[in-house]
Amino acid sequence: MQDEQHKEEQKRVDRVMRIIREQLGKLLQTSSGMREDIVDIRKNFWDDVTLNFEDAAEAAESAASLKQQAEVLAEREHSHRHAAQQVKMLRKLEQTPYFGRVDFIEEGSSNEERIYLGIGSMLDENSSDYLIYDWRAPVSSLYYDYSPGPARYDTPIGTIAGEMKLKRQFVIRRGQIVSMFDTGVTIGDELLQEVLGKQSDSQMRSIVATIQREQNQIIRNERARLLIVQGAAGSGKTSAALQRVAYLLYRYRGTLQADQIVLFSPNPMFNSYVATVLPELGEQNMQQTTYQQYLEHRIGQSFALEDPFAQMEYTLGGMDDPDYETRMASIRHKSGAAFMKVIDQYVESLGRSGLLFKSIKFRGRKLISAEEIEQKFYGLDGSYSIPNRLKMVADWMLKELTRLSKEERKKQWVEDEMELLDKEEYIHAYNEMRRKTDSDFFDDFEREKDILATMIVQERFKRLRSRVKKLRFIDTQTLYRRLYERDLASGLDPARAEEWAAISKLTAEQLNLGVLTYEDATPYLYMKDLIEGFQTNTSVRHLFIDEAQDYSPFQFYYLKRVFPMAKMTALGDLNQSIFAHAALGNGFDPLGELYSKEETETIVLTRSYRSTKQIVEFTSLMIEGGSRIVPFNRHGEEPTITEVSGKEELHVKIEERIRLLEEEGAQSIAIICKTAEESKAAFEALAVHCPGMRLIEKETVTFENGIVVIPSYLAKGVEFDAVILYNASSRVYGKESERKLFYTACTRAMHELHLYYTDEPSPFLSRVVAEKK
C-alpha cells in the first residue's frame, strides 16, 4: 500500500515539476522580451515624443505625448518586475514544489478536495485548478491546526467547516520524494527531527514546513492590537514572527507594503542573521533597525550617546566604581513610567516659564536675541500647546530673517564677497538677471549689484533659516540638565531623597561632559518631543519588537507614542531579561497598560526546539519555573562541566574541544564569554591555535559560520551547533542578577554544550551538579 501511494505521489510530483518548468520557460522568454522593450523605449524615448512649445495648445499636446510615453515605460517596467517575481518563485518551487497535503470535505459536499501546500501558489493553466496552495492561504491553516477529523478554517467571508480525511507530509528534493508520512495533530516528529538535527546556518531558515499549531496562532493573528509572545529559549518566537510578517504581506497584499512594517531587533548582527527569511518566501524585507540606531538617528549629533552594550559592560564589570550603586539606581528609576510623569510635570511647567532659547547669531552678531524669542513665546496665548507656540515663534523668526537679510545686503562684507565671486557664481547671477528682466546682458550696474548681493546673503542665511525650521533655537540640552536641578524626590519617592540627590549629581556630571547615558536617552528624547512636537510615524502599520523583555516600561510607552497607528507584536522570554532595568520585575505588565484587555492577546510557548533534550533539561534547572519548559524529543550528548586549574589548562582544554567538535562536523562553534573584555582576552589566547577564529564585537554587522568568540549579551537570539562557556566559575557568574545572563548563554547551543570553570562552579549550576550525583 505504501509503495502504491509513493508511486502515485511521485507521479504527481513529476507532473507538477514538468508544469513548473514549462511555465518557467514561458516566463523567461516573456521576461526577456519585456526587457528588450524597456531598453528600446528608454533608448528612443525622446524620438517618440512630440515636443512643441510655440503656444499653449502645442505645449499641452507635448505634455500629453510625454505623459503617454512615460506611462508605457512604467507599465512595461511593472510587468517585468512582476514576471521576475514569478520566475523567482517558480525557481524555488522547482527545488521543493510542496511539503504537505490535506484531504478535506466541506460540510454539505461529497467532493473531497486534495490541497497541496508549498511556499507559493501555482495554477494549472489548462484547468485553472490550484496545483499548489500558498502556505498562507486560509485553507492552508487546516494543515497546521488540525488532525484528521472535524476541522474548520476562517476565510474573509466566514468560517468553512468540514472533515479532514488525510494529513500527509513530504520531503522532496530535486523532484524526488525522499520521504513521506501521514501525521496527526502536530507536524510530525520525523520532519522536525530532520530539520532540527541539521547543522546551524549562518542565516535563519524559513520554518513553513514545520510550523506548529501554537506558532500558527501567532502567524495568523489578525485581531490583537498588542500580541505578546512569551516563549522559552528556542521555542521559535522569532521564526514565527518572521513568518507572521510574510503572512501579513500576503493577507493584505493590496494595502500593506513591506516598508510599513518595522522590526526592532537586539543588535545589527541579528539583522544579518534573519535577512534571508522573507526573500526566501518571495517577500521583500520589512524595515529593520535597533532601538539604539533609532536613538542615534534622533539625537546622535547632540551628545556622545552611550549604547546598551556599553551600559551592560558597566553593569557587569563596573562594581569597583564608587558610583556603581548610584548608577544602578539611576538606571532603574529612569526606566519606569513614574519618571515619565516627572518629565510630563516638568514640561508642563515650562509652558508657564523657564523655557530656554538660543540667540540667532550671524558673523558674531545677534540677529535675534534669546530674550526676544522668550518674550515672543510667552507673549502668545498660554492655552496653546508648547509645540504650537513654537511653530508660531518659528514663523515669526523666519519673517524677521527675511527683513534682516534685506538690511544685510547693504553691509560692507557683502561687497567684499562680490569681488571674490568666481566665474560659475557670476554665470548664476547672469541667468537670474535674464530670468527676471528678459535682458541678454548686464546693462544695469545697480540691478547687477542688487542681484549679486541678494544671492550672497540668501546663501549665507540659508543655514540660519534651516536652524529655525528645525527649532534649533531651543536649548534642549540645558533644559534636560536643569531637570536634575529640581527637587526630583518630591515627584517620585520622598523616602529616597538622598539617593535622588546622588543620581542628579552623577547625571549632571555626565551631561556636562557631553555624554548621554543609555538610561537617559529615552527620557531626553521624550522631553524633547513634548517640547518640539512628537515626530510620529503614521505610515507604519505593524511594529515587531524582538527580545522585548530587554525594553524598559518608558521605552514601550515611547514607541507606542511614536508609532500610534501600528499594531505591536512583542516577543520575549522573561528568563532572558539581562539588562539592569529588568530588576523592575514587572515583565510585560507595562505593555498591557498600553492597550485595553480586549485589544491584547498573550501566547505562551513552552516547547523548546532549538536544543537537544539533554541541553534543555540541563539549562531548565538554572531558572525558576524551568520545569514548565518542554523539550522536543531530539537526543544528543550530555552537557559537560569541566574543572581546570587555571587559564593555561583552560585554553588547552578549549582548543582540544574545538578540534573534536570540528571532527564531528560542527559548522558553528561559539566560545561565549561574559563581557567584551573577557572575549578579547580569550580571543587573543585562543586565536593562535585556531586559524579562522573571529571575535564578535558590538560593531559586527554580519553573522557567519565558523568559530567565534562572543560576549554573552551579543549572542542573544542566535544559535550555534556547539557552545563552549569560557568560564563558568562562581567568581565570574556569582551574583543573582547574572543568573538569566548565564542561562541565556547556555541556551544558544543546538547540539552540544560544554562549560569550564576554575576554583568553584557558578552557584547557578548547583541543582545540575546535585542531580548528577
Side-chain angles (χ1 to χ4, degrees), residues 1-20 23 89-90 92-107 109-155 160-195 206-213 215-216 219-220 243 246-247 250 281-282:
M1 186 65 182
Q2 281 288 331
D3 285 346
E4 286 301 315
Q5 290 176 351
H6 190 283
K7 286 177 183 176
E8 184 185 338
E9 292 288 8
Q10 183 60 55
K11 192 174 178 181
R12 186 183 191 277
V13 170
D14 294 341
R15 174 172 165 258
V16 170
M17 291 294 288
R18 186 172 62 254
I19 294 171
I20 287 172
Q23 290 189 12
M89 181 53 68
L90 285 172
K92 291 182 183 298
L93 292 176
E94 192 178 21
Q95 297 168 22
T96 303
Y98 45 83
F99 53 79
R101 167 185 163 184
V102 170
D103 292 1
F104 183 71
I105 300 178
E106 188 178 333
E107 266 182 13
S109 171
S110 58
N111 294 329
E112 184 175 288
E113 186 178 2
R114 289 187 178 183
I115 299 151
Y116 287 84
L117 286 74
I119 64 166
S121 298
M122 192 180 80
L123 280 167
D124 184 342
E125 292 176 340
N126 297 324
S127 63
S128 296
D129 291 332
Y130 275 98
L131 294 170
I132 307 168
Y133 282 87
D134 192 296
W135 66 277
R136 298 165 290 187
V139 71
S140 301
S141 65
L142 291 169
Y143 175 76
Y144 299 115
D145 288 344
Y146 291 97
S147 58
R152 62 180 60 229
Y153 64 96
D154 294 327
T155 74
I160 294 175
E163 184 180 3
M164 185 193 295
K165 306 296 286 185
L166 176 75
K167 180 173 174 178
R168 179 170 288 169
Q169 291 177 249
F170 303 93
V171 177
I172 302 173
R173 299 285 182 266
R174 299 184 190 87
Q176 295 299 311
I177 298 176
V178 177
S179 61
M180 70 176 218
F181 32 85
D182 296 346
T183 188
V185 64
T186 58
I187 307 307
D189 281 359
E190 293 92 338
L191 185 55
L192 264 175
Q193 288 281 13
E194 186 207 347
V195 173
S206 161
I207 62 165
V208 293
T210 58
I211 291 168
Q212 303 297 289
R213 184 173 187 174
Q215 293 170 330
N216 197 42
I219 292 166
R220 293 175 186 264
Q243 319 303 309
Y247 171 76
Y250 173 88
L281 296 171

With side chain to side chain contact (heavy atoms under 4.5 Å, CB included) as the criterion, how do Q243 and Q215 come out once you've worked through the C-alpha distance, each side chain's angles and the decisive distance to 0.1 Å? CA-CA 9 Å; Q243 319 303 309; Q215 293 170 330; over 6 Å; no
Check step by step if side chain to side chain contact (heavy atoms under 4.5 Å, CB included) holds for S141 and N216. CA-CA 8 Å; S141 65; N216 197 42; 4.0 Å; yes
CA sep, side-chain torsions, deciding dist, call: M122, L90, side chain to side chain contact (heavy atoms under 4.5 Å, CB included): CA-CA 8 Å; M122 192 180 80; L90 285 172; 3.9 Å; yes
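In this structure, the side chain of K167 engages the main chain of Y146 through a donor-acceptor pair within 3.5 Å. Of the possible polar contacts, none joining the E106 side chain to the I160 backbone as a donor-acceptor pair under 3.5 Å is found. In this structure, Q23 contributes its side chain and L123 its backbone to a donor-acceptor pair below 3.5 Å. Distance alone, capped at 3.5 Å, places no donor-acceptor pair between the R173 side chain and the V178 backbone.
Side-chain contact check for R220 versus S140: some heavy-atom pair is nearer than 4.5 Å. The side-chain heavy atoms of E113 and V139, taken from C-beta on, include no pair separated by under 4.5 Å.
We find the CG-CD distance between L117 and Q169 to be 10.5 Å, quoted to the nearest 0.5 Å. One distance of note links CZ of R213 with CG of D145; it measures 5.5 Å at 0.5 Å rounding.
Closest of all the heavy-atom pairs between W135 and I119 is CD1-CA, 3.7 Å. A pairwise comparison of heavy atoms in Y247 and I219 identifies CD2-O, 3.2 Å as the closest pair. Across every non-hydrogen atom of F104 and A151, the tightest pair is CE1-O, 3.9 Å. Across every non-hydrogen atom of M164 and L142, the tightest pair is CE-O, 3.2 Å.
At most 12 non-hydrogen atoms from other residues, nucleotides or ligands lie less than 6.0 angstrom from OH of Y130. By the neighbour-count criterion of 12 heavy atoms within 6.0 Å, atom NZ of K92 is densely surrounded, having more than that number from other residues, nucleotides or ligands.
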Using residues 94-102 as the side-chain source, report each donor-acceptor pair under 3.5 Å to any protein atom, sequence neighbours left out, with the distance given to one decimal.
residue: E94; atom: OE2; partner: R21; partner atom: NE; Å: 3.4
residue: T96; atom: OG1; partner: I172; partner atom: O; Å: 3.4
residue: Y98; atom: OH; partner: R12; partner atom: NH1; Å: 3.3
residue: R101; atom: NE; partner: D103; partner atom: OD1; Å: 2.8
residue: R101; atom: NH1; partner: E9; partner atom: OE2; Å: 2.4
residue: R101; atom: NH2; partner: D103; partner atom: OD1; Å: 3.4
residue: R101; atom: NH2; partner: D103; partner atom: OD2; Å: 2.7

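Of the listed residues (I19, L131, I132), just one forms a side-chain contact (heavy atoms from CB on, under 4.5 Å) with L93, and that residue is I132.
With sequence neighbours excluded, the residues forming a side-chain hydrogen bond (donor to acceptor under 3.5 Å, both in side chains) with E8 are R114, listed by chain and number.
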